[in-house]
Amino acid sequence: LFRSSSVKLAVGEKATVSAGSAQNVAWSTTNDQVATVSNGEITAVGNGTATVKAEAGGKSYSVAVTVFTYKEVTFTGAELAGTNEIHVTG
């Protein structure tokens, strides 16, 4: 029932997956240090990978979750040095 077999999230981001019309869905994650799940809402908590699973009515669905941290880069200047080449300073 998941629309995708995988999702990529930055730490702190959330994504929602649906189990369709299934009732009494049991949600789980293989690594709660990477991603947690509650009622289909996945929260990215730390770098790494996890699998989120929904089980209902004897069926099981899963989605692979990859969590990463954005690194902010600051620089003081950039210069076009040639075709397809930029020099960054700072």
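Bear in mind that the values here come from a model prediction, so they are computed numbers and not experimental data. Excluded from the calculations below are hydrogen atoms, water molecules and symmetry mates; all remaining heavy atoms, backbone and side chain alike, are included.
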Applying side chain to side chain contact (heavy atoms under 4.5 Å, CB included), can you list everything that pairs with [X], at least two apart in sequence or on another chain?
X	value
Ser28	Lys53
Ser6	Ser4, Ala64
Ala44	Leu9, Val67
Val25	Ala19, Ala22, Trp27, Ala54, Ala56

* To do: Could you tell me the separation between the OG atom of Ser18 and the OH atom of Tyr61, rounded to the nearest 0.5 Å?
  => 11.0 Å
* Asked: More than 12 foreign heavy atoms under 6.0 Å from CD of Gln33: is that the case here?
  -> no
* Asked: For the side chain of Thr30 and the backbone of Thr51, is there at least one donor-acceptor N/O pair under 3.5 Å apart?
  -> yes
* **Joint hydrophobic cluster, Val45 plus Val17, side-chain heavy atoms closer than 4.5 Å** => no
* Summary of side chain to side chain donor-acceptor pair (under 3.5 Å) pairs that have at least one residue in residues 38-47, sequence neighbours excluded -> Lys14-Thr43, Asn47-Thr69
* Structure fact -> Minimal heavy-atom distance between Val65 and Ala35, with the atoms involved, is CG1-CB, 4.1 Å
* Asked: Please, which pairs that meet salt bridge (charged side-chain N to carboxylate O under 4.0 Å, His left out) have at least one residue in residues 25-38, sequence neighbours excluded?
  -> none
* Is there a side-chain contact between Thr16 and Ile42 (heavy atoms, below 4.5 Å)? -> no
